[in-house]
There are 2 protein chains.
Amino acid sequence: MRQDTRLDEIDRKILIELSANARVPFAELGRRVGLSPSAAIERVRQLESDGLLHGYHAEIDLKALGYSITAFIRLTCDGTRYRPFLKFIQTLDQVVECHHLTGGDAFLLRVVLSSTAELEQLIEKLLPYGMPTTSIVLSTPLQRRQDAHLLTKR
Amino acid sequence: MRQDTRLDEIDRKILIELSANARVPFAELGRRVGLSPSAAIERVRQLESDGLLHGYHAEIDLKALGYSITAFIRLTCDGTRYRPFLKFIQTLDQVVECHHLTGGDAFLLRVVLSSTAELEQLIEKLLPYGMPTTSIVLSTPLQRRQDAHLLTKR
DNA sequence: GTTGAAACGGCCAGACA
DNA sequence: TGTCTGGCCGTTTCAAC
């Protein structure tokens, strides 16, 4: 896990390419960044062991699978319910993200469900841990997957 | 883009495998799900053209790249500022997600930055569009990338 | 769906600067 | 150290079934 070692231009290109298409063959990747296949593989292995590349994941369309509702639930829970709450949400399939936020022991959950009825059930389950504030996602006008701009600029 | 065509067991396994490791060779994928290489590829191509598989992306550790701060910014903007706001956030590199939420023209932004100073600058830029409420992410106790449970259960 | 053959890519060892 | 070359083996692709 390097922290301060600067990336060179080739590393950045590799990250951008793999971010956009994780299945690109290493030989093709090498061609795009101006490296031989083995050198390209070497770079990628280095980026992986440095902790910059964490894995390669297919993007699955949950909407097409029937999970038509995405919602954010904000919930404040006091110190005594903190640990039990973290254990509990691990057991909830609908919770795909949980962030601990600044501001009064607040948690933000991103949840995915197939109906508003399921959302209501989930909210009821959360009630023992705090007062949830729920917002359903109407649309997502911006969803960046390629972190190209975070890599190229600055 | 099929909506209702049910997935069979093999399709589900393929989605789970590619979700966990998008770089697995199709021949190996076929072995894991009990299919010949060409049949496995055929399945994947079908899932892609059905819109269930959207792409394959490397997971890049933004923290290791110096983006130490992730924050959520909630912002309410009225109807007249709606369109200009959407245009404006496209130009902000730090904004990696924007969701339109239920409840009073609210937007939720996920932003990634390298310092609190940068966060302050960003908030100031957003002020003309509405009153932002900012929460910094302290930790992320749950971040599911494999949607295995969403595919297997129910 | 499968099989089989040819082209291609992944990966290891060794040489080079 | 980082890169290139060559060779082996697994993978991809495409045709025919």
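Keep in mind that this is a model prediction, so the values were computed, not measured. Protein chains get the first letters and strands the later ones, always in sequence-line order, with residue 1 at the start of each.
Looking at which nucleotide of DNA chain C each of Pro37(A) and Ala40(B) is closest to, the 5′-most match is held by Ala40(B).
Summarising the geometry, the separation between CD1 on Ile10(A) and C1' on dT3(D) is reported as 10 Å, rounded to the nearest angstrom. Atom CG of Leu18(A) and atom P of dG10(C) are 11 Å apart (whole Å). Taking atom CZ on Arg45(A) and atom C1' on dC12(C), their separation rounds to 12 Å, with Å as the unit. At whole-Å resolution of the value, CD in Glu42(B) and P in dA16(D) are 17 Å apart. Atom CG in Asp11(B) sits about 14 Å away from atom C1' in dG1(C), given to the nearest Å.
The nucleotide whose nearest atom lies closest to any side-chain atom of Leu35(B) is, among dG10(C), dC4(D), dG1(C), dG1(C). In the set dT11(D), dG10(C), dT5(D), the nucleotide with an atom closest to the side chain of Phe26(A) is dG10(C). The side chain of Pro25(A) lies closest to dG9(C), out of dT2(C), dT13(D), dG9(C). Considering only side-chain atoms of Ala39(A), the nucleotide from dG9(C), dT3(D), dT12(D) that sits closest is dT3(D). Closest approach to the Arg43(B) side chain among dT11(D), dG1(C), dG9(C) is made by dG1(C) (side chain taken as heavy atoms from C-beta onward). If you check dC14(D), dT5(D), dT12(D) against the side chain of Ser38(B), the one that comes closest is dC14(D). Of the candidate nucleotides dT12(D), dT3(D), dG10(C), dG10(C) has the atom nearest to the side chain of Arg23(B). Taking every side-chain heavy atom of Ala27(A) into account, dG10(C) is the closest of dT12(D), dT13(D), dG10(C). Taking the side chain of Ile41(B) as heavy atoms from C-beta on, and the options dC4(D), dG10(C), dT13(D), the nearest nucleotide is dT13(D).
Between Arg31(A) and dG9(C) there is a side-chain N or O to OP1 or OP2 distance below 4.0 Å.
Salt bridge Glu42(B)/Arg45(B): absent, no basic N to carboxylate O contact under 4.0 Å. Using a 4.0 Å cut-off between a side-chain N of Lys or Arg and a carboxylate O of Asp or Glu, Lys13(B) and Glu9(B) do not qualify as a salt bridge. Ion pairing between Arg31(A) and Glu28(A) holds under the 4.0 Å rule for side-chain N and carboxylate O.
His100(A) and Tyr82(A) have their aromatic ring centers within a separation under 6.0 angstrom. Ring centroids of His99(B) and Phe72(B) are separated by 6.0 Å or more, keeping the two rings apart.
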